[in-house]
Amino acid sequence: MTVLRGASVVLRPTVREDLPALAAIRATPQVRSRWRGGDDLEAEMAREFDAPDNRWLTVEYQERIVGMIQWYAEEEPDYRHAGIDLFLDPATHGRGLGTDAVRTLACHLVDVHGHHRLVIDPAADNAAAIRCYTKVGFRPVGVMRQYERGADGTWHDGLLMEVLADELVRHP
């Protein structure tokens, strides 16, 4: 994958040398509560990094690693679509970087990979993420009840959101 440039962020293929910085961001309480993980996040991420279907992009802002965005593709022709997920350093929240990163990747998935539909699935109580995705054109489809188990062992709802290619908000 090539380097993608947004209005403020750069999305580039993640390299192994990024893992310590990304693991440190995942270890922050705000990110860890959503992304979870074991005691050694760097080792865990290293194992995931080697997966053949890894589509991780490191998010940079002002030449500093501030997060990661990833995507997957459902290639079955009758159900073809792509999905996105991301995390950002909480110190950068509120600057529009998440919106820029999602918009940049979404445009790439539509324009270059030919996806007509994209999905994202934030926790139903993650209002900031939902606002971010809505700015790019994602719309709620429905609540997925007891969608994922939280660190506390209880089940939490997720919100399925989608955007069609012609609904994508390409500019702020």
Side-chain angles (χ1 to χ4, degrees), residues 6-9 11 14 19 21-42 44-45 47-48 51 53-61 64-74 79 81-110 115 117-165 167-170 172:
S8 300
V9 300
L11 310 179
T14 299
L19 297 181
L22 294 173
I25 294 168
R26 268 192 61 187
T28 62
Q30 300 94 320
V31 177
R32 191 179 192 94
S33 70
R34 302 290 183 187
W35 279 69
R36 299 186 308 275
D39 292 334
D40 188 347
L41 286 173
E42 190 173 339
E44 185 177 317
M45 290 181 75
R47 286 189 299 276
E48 294 169 7
D53 59 348
N54 172 349
R55 291 180 172 140
W56 293 0
L57 298 170
T58 294
V59 181
E60 291 184 341
Y61 173 66
R64 185 172 75 83
I65 294 174
V66 297
M68 185 187 79
I69 190 166
Q70 63 185 5
W71 65 281
Y72 69 88
E74 168 58 65
Y79 299 95
H81 70 279
I84 299 173
D85 206 357
L86 81 153
F87 64 81
L88 292 178
D89 184 340
T92 67
H93 288 182
R95 299 181 191 177
L97 303 183
T99 301
D100 190 26
V102 171
R103 178 179 286 120
T104 300
L105 180 55
C107 288
H108 177 78
L109 293 173
V110 167
H115 289 285
R117 177 176 168 265
L118 306 174
V119 299
I120 202 159
D121 60 351
D125 67 351
N126 191 343
I130 294 166
R131 279 193 308 275
C132 167
Y133 308 149
T134 300
K135 291 175 187 174
V136 179
F138 283 86
R139 299 178 184 178
V141 175
V143 173
M144 299 176 290
R145 298 178 308 143
Q146 297 185 11
Y147 177 62
E148 69 180 342
R149 190 185 318 264
D152 63 358
T154 64
W155 290 96
H156 302 271
D157 294 346
L159 180 65
L160 179 62
M161 301 179 77
E162 69 179 2
V163 64
L164 300 179
E167 300 167 342
L168 186 58
V169 178
R170 294 177 171 271

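The basis for the numbers below is simple: all heavy atoms, side chains too, and nothing from hydrogens, waters or symmetry mates.
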Are there over 12 heavy-atom neighbours, none belonging to Arg170, within less than 6.0 Å of that residue's CZ? yes
Spatial distance of atom [atom1] ([X]) from atom [atom2] ([Y]) [nearest 0.5 Å]:
X: Leu160; Y: Phe138; atom1: CG; atom2: CZ; answer: 10.0 Å
X: Tyr72; Y: Ile84; atom1: OH; atom2: CD1; answer: 9.5 Å
X: Glu162; Y: Glu167; atom1: CD; atom2: CD; answer: 7.5 Å
X: His115; Y: His81; atom1: NE2; atom2: NE2; answer: 9.0 Å
X: Thr14; Y: Asn54; atom1: OG1; atom2: CG; answer: 7.0 Å

So Ile25 and Phe87, side-chain contact (heavy atoms from CB on, under 4.5 Å) or not? Walk me through it. CA-CA 8 Å; Ile25 294 168; Phe87 64 81; 3.6 Å; yes
Restricting to non-hydrogen atoms, name the atom on [X] and the atom on [Y] that form the minimum distance, rounded to 0.1 Å.
X: Ala106; Y: Leu168; value: CB-CD1, 3.7 Å
X: Arg26; Y: Trp35; value: NH2-O, 3.5 Å
X: Leu159; Y: Pro140; value: CD1-CB, 4.0 Å
X: Pro122; Y: Met161; value: CG-SD, 3.9 Å
X: Leu22; Y: Gly67; value: CD2-O, 3.3 Å
X: Ala82; Y: Leu109; value: CB-CD1, 4.1 Å

4.5 Å side-chain heavy-atom contact, [X] and [Y]:
X: Arg103; Y: Tyr133; answer: no
X: His108; Y: Leu11; answer: no
X: Leu86; Y: Val59; answer: no

Contacts of Tyr147 that satisfy side chain to side chain donor-acceptor pair (under 3.5 Å) - sequence neighbours left out: Asp121
Can Leu19 and Trp56 be said to form a side-chain contact (heavy atoms from CB on, under 4.5 Å), step by step? CA-CA 11 Å; Leu19 297 181; Trp56 293 0; 3.8 Å; yes
Applying side chain to side chain contact (heavy atoms under 4.5 Å, CB included), can you list everything that pairs with Asn126, at least two apart in sequence or on another chain? Arg34, Ala123, Ala128, Ala129
Sub-3.5 Å donor-acceptor pair from the side chain of Gln30 to the main-chain atoms of Pro90, do we have one? no
Can you give each donor-acceptor pair under 3.5 Å made by side-chain atoms of residues 91-102, sequence neighbours left out, with the distance rounded to 0.1 Å?
from   : atom 1 : to    : atom 2 : distance (Å)
Thr92  : OG1    : Asp89 : O      : 2.7
His93  : NE2    : Leu88 : O      : 3.2
Arg95  : NH2    : Ala91 : O      : 3.4
Asp100 : OD1    : Ala7  : N      : 3.0
Asp100 : OD2    : Ala7  : N      : 3.2
Asp100 : OD2    : Ser8  : N      : 2.6
Asp100 : OD2    : Val9  : N      : 2.9

Checking side-chain contact (heavy atoms from CB on, under 4.5 Å) for the pair Glu48/Gln70: CA distance, chi angles, key distance, verdict? CA-CA 12 Å; Glu48 294 169 7; Gln70 63 185 5; over 6 Å; no
Out of the candidates Leu164, Val110, Val136, only one should pair with Leu118 under the side chain to side chain contact (heavy atoms under 4.5 Å, CB included) rule; please name it. Val110
